Amino acid sequence: MANKSHCQYAGTVCTPETFNTTNVTRLCPGAQCTFALYGGESFYYQYILIFQLCNVFVFLWLVNFSIALGQCTLAGAFASYYWAFKKPADIPACPLFSSFGRAIRYHTGSLAFGSLILALVQFIRIILEYLDHKLKASQNSFAKFLLCCLKCCFWCLEKFIKFINRNAYIMIAIYGKNFCTSAKDAFFLLMRNVVRVAVLDKVTDFLLFLGKILVAGSVGVLAFFFFTRKIPVITDEAPALNYYWVPLLTVIIGSYLIAHGFFSVYAMCVDTLFLCFCEDLERNNGSASKPYYMSPELHRILRKKELGSKKAKR
């Protein structure tokens, strides 16, 4: 660093140990060798922003791949139960581990491709959120409106891709086809049963949400009585707290997240059995040559509905 701007050595890299022995101090009086930054002009520090963005993208990809692997594994286990003609005699041994092995051995590429598409959309949403944060102080109304529209569109796109991926993984677990073919088959199968999809999706979401609220609420009530020492049996075990709302809220939020993780397994079970049910109705007709694979209970419910619809037509 030189006091005069016309110094030819200004802004160059120097070594503090040998700086005073060079002719720089003679040619540029007052020049100093001071610390600027780590790494200097190396390749890594020139492109560190790009590397950080790559880290974020790979992190999103790995998280979505882990979720996809779990969904495909659960779907394979539940589908092996449904397509067993004689239940439980035809159900394979260790269905969960068998499904996990099939997903790792045969479907890794399809799961990685589906999670890649979702990671791209999520990465674009992160960039849009960053731009929105930078443009908060801007007075350009058109830019804010355009950015808001893009955020809304990509939010809807992410929800749609999650829905398609989830059902595509189910079809992959059932038939073992590639991601694109499975996504197409799942989409058209759901469109042919769109009324059932709408009813089942809303009813399932509502019941599972009630279950999560029930678990979190029950644990919250027990935690409240525990922290306030209103349970005589464990009064001595309860800690003395001046302010118990923080641990109470922590317990409630933690219990809700744990309940969400457990109930997501039930949600995957419902979605898998529903797709298998729709596929069973299209492939079979209940005759001796093409019997249904559904359970007797579900068959009785379906038969009652068919008889009810026939009577209504008469």
Side-chain angles (χ1 to χ4, degrees), residues 61-88 90-119 158-194 196-205 207-208 211 259-284 292-295 297-298:
W61 193 2
L62 290 176
V63 169
N64 289 318
F65 178 79
S66 301
I67 296 174
L69 180 60
Q71 290 177 344
C72 188
T73 300
L74 291 174
F78 296 134
S80 64
Y81 161 79
Y82 186 93
W83 296 110
F85 186 71
K86 296 180 180 179
K87 301 177 179 61
D90 293 341
I91 299 176
C94 301
L96 190 63
F97 288 102
S98 300
S99 177
F100 179 75
R102 290 194 301 269
I104 290 292
R105 184 176 181 181
Y106 300 109
H107 309 318
T108 307
S110 298
L111 302 180
F113 182 68
S115 57
L116 174 64
I117 298 174
L118 183 57
E158 181 184 358
K159 294 297 182 182
F160 177 74
I161 291 178
K162 283 183 177 180
F163 176 77
I164 291 297
N165 283 7
R166 185 182 181 89
N167 292 281
Y169 299 149
I170 296 174
M171 299 300 285
I172 289 173
I174 296 174
Y175 291 106
K177 298 180 180 179
N178 58 57
F179 176 80
C180 295
T181 304
S182 300
K184 181 194 70 173
D185 294 341
F187 178 77
F188 286 111
L189 179 62
L190 293 173
M191 288 299 101
R192 290 192 295 269
N193 300 271
V194 63
R196 290 173 175 168
V197 172
V199 174
L200 181 73
D201 187 60
K202 296 303 178 184
V203 172
T204 303
D205 290 344
L207 292 178
L208 294 180
H260 175 74
F262 278 93
F263 278 100
S264 63
V265 178
Y266 289 97
M268 195 67 196
C269 176
V270 171
D271 293 341
T272 303
L273 295 181
F274 176 71
L275 276 182
C276 293
F277 170 75
C278 295
E279 189 72 15
D280 193 11
L281 290 179
E282 293 190 354
R283 287 169 51 181
N284 305 306
Y292 290 127
Y293 282 81
M294 64 186 71
S295 62
E297 294 80 7
L298 189 59

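Along the sequence shown, the residues carry numbers beginning at 1. Owing to the predicted nature of the structure, the values given are computational and were not obtained by experimental measurement. Computation of the quantities below employed the complete heavy-atom set of this structure, encompassing side-chain atoms and omitting hydrogens, waters and symmetry-equivalent molecules.
Between Ile67 and Ser115 there is no side-chain heavy-atom pair separated by less than 4.5 Å. Taking the side chain as every heavy atom from C-beta outward, Leu281 and Arg196 approach each other to under 4.5 Å. For the pair Phe277/Leu273, no side-chain contact is recorded, criterion being any heavy-atom separation below 4.5 Å from C-beta on. A 4.5 Å side-chain heavy-atom check between Ile117 and Asn64 finds every atom pair outside the cut-off. In this structure, Leu111 and Phe65 have side chains that are in contact, with non-hydrogen atoms separated by less than 4.5 Å.
Counting only residues at least two apart or in different chains, side-chain hydrogen bond (donor to acceptor under 3.5 Å, both in side chains) contacts with residues 272-281 comprise Tyr82-Asp280, Tyr175-Glu279, Asp280-Asn284. A salt bridge (charged side-chain N to carboxylate O under 4.0 Å, His left out) check over residues 263-275, counting only residues at least two apart or in different chains, returns the pairs Arg166-Asp271. Identified under the salt bridge (charged side-chain N to carboxylate O under 4.0 Å, His left out) test for residues 94-112, with sequence neighbours left out: none.
Qualifying ring-ring contact (aromatic ring centres under 6.0 Å, His included) partners for Phe188, counting only residues two or more places apart in sequence or in other chains: none. For Leu207, the side-chain contact (heavy atoms from CB on, under 4.5 Å) partners at least two apart in sequence or on another chain are Val203. With sequence neighbours excluded, no residue forms a salt bridge (charged side-chain N to carboxylate O under 4.0 Å, His left out) with Lys159. Residues satisfying the salt bridge (charged side-chain N to carboxylate O under 4.0 Å, His left out) criterion with Lys184, sequence neighbours excluded, are absent altogether. Contacts of Phe78 classified as ring-ring contact (aromatic ring centres under 6.0 Å, His included), with partners at least two apart in sequence or in another chain: none. The ring-ring contact (aromatic ring centres under 6.0 Å, His included) test applied to Phe113 returns Phe179, not counting sequence neighbours. Residues that satisfy the side-chain contact (heavy atoms from CB on, under 4.5 Å) test with Phe97, not counting sequence neighbours, are Cys94. When the side-chain contact (heavy atoms from CB on, under 4.5 Å) test is applied to Ala84, the partners found at least two apart in sequence or on another chain are Lys87, Asp90, Ile91.
Here the shortest heavy-atom pairing between Ala186 and Met171 reads CB-CG, 3.5 Å. Contact detail for Ile164 and Phe187: the closest heavy-atom pair is CD1-CD1, 3.6 Å.
Ser99 places no side-chain N or O within 3.5 Å of a backbone atom of Pro95 that could act as its donor or acceptor partner.
For OH of Tyr293, the number of neighbouring non-hydrogen atoms (other residues, nucleotides, ligands) closer than 6.0 Å is 12 at most.
How far CG of Leu189 is from CG of Asp185: 8.5 Å, rounded to the nearest 0.5 Å. In this structure, CG on Leu200 lies 9.0 Å from CG on Asp205, to the nearest 0.5 angstrom. In this structure, Cys276 SG and Ile170 CD1 are separated by 7.5 Å, a value rounded to the nearest 0.5 Å.
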Next on the checklist: Using side-chain contact (heavy atoms from CB on, under 4.5 Å), reason through Phe274 and Leu190 one step at a time and then give a plain yes or no.
Outcome noted: CA-CA 10 Å; Phe274 176 71; Leu190 293 173; 4.0 Å; yes
Distance-only criterion, 3.5 Å: show the donor-acceptor pairs between side-chain atoms of residues 70-77 and protein atoms not counting sequence neighbours.
residue	atom	partner	partner atom	Å
Thr73	OG1	Leu69	O	2.7

